[in-house]
Amino acid sequence: MSPRAITVTGYVVIGAAALLVEVVARRPGSRVPTFSQLLSHVMHEKWGRVGMLLAWWWLGFHFLSRS
């Protein structure tokens, strides 16, 4: 298996896990927060906003820039 295939597989697994957590969070009576609730909580603090800015920068730098 090539390194690229391993990386793609890893991202697919992470995406599937995130989707599973979101489905579990939307069940009635669930104590797990949804993704939007989590982001609202994180963005409430200054350091959360700075962290989100850095996370978006990292994603853009790694996936949208051309070498």
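Keep in mind that the numbers below use all heavy atoms, side chains included, and drop hydrogens, waters and symmetry copies.
The side-chain hydrogen bond (donor to acceptor under 3.5 Å, both in side chains) analysis of residues 12-21, with sequence neighbours excluded, yields no pairs. Residues in residues 39-55 take part in no side-chain hydrogen bond (donor to acceptor under 3.5 Å, both in side chains) pair, two or more places apart or across chains.
No continuous path of hydrophobic side-chain contacts links L54 to L64 [ILVMFWY only; heavy atoms under 4.5 Å]. Under the 4.5 Å side-chain heavy-atom criterion for Ile, Leu, Val, Met, Phe, Trp and Tyr, M43 and W56 are members of the same hydrophobic cluster. The hydrophobic clustering, which links ILVMFWY residues whose side-chain heavy atoms are closer than 4.5 Å, places L38 and V23 apart.
Every ring-ring contact (aromatic ring centres under 6.0 Å, His included) that W58 has, sequence neighbours left out, goes to H62. Considering only residues two or more places apart in sequence or on other chains, R26 meets the salt bridge (Lys or Arg N to Asp or Glu O under 4.0 Å) condition with E22. Remark: W57 engages F61 in a ring-ring contact (aromatic ring centres under 6.0 Å, His included) (not counting sequence neighbours). Residues meeting the side-chain contact (heavy atoms from CB on, under 4.5 Å) test with A25, sequence neighbours left out: V32, T34. In terms of the side-chain contact (heavy atoms from CB on, under 4.5 Å) criterion, L19 has no residue partners (sequence neighbours excluded).
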Identify all side-chain donor-acceptor contacts of residues 2-17 below 3.5 Å with residues at least two apart in sequence or on another chain.
from: S2; atom 1: OG; to: A5; atom 2: N; distance (Å): 3.2
from: T7; atom 1: OG1; to: P3; atom 2: O; distance (Å): 3.0
from: T9; atom 1: OG1; to: A5; atom 2: O; distance (Å): 2.7

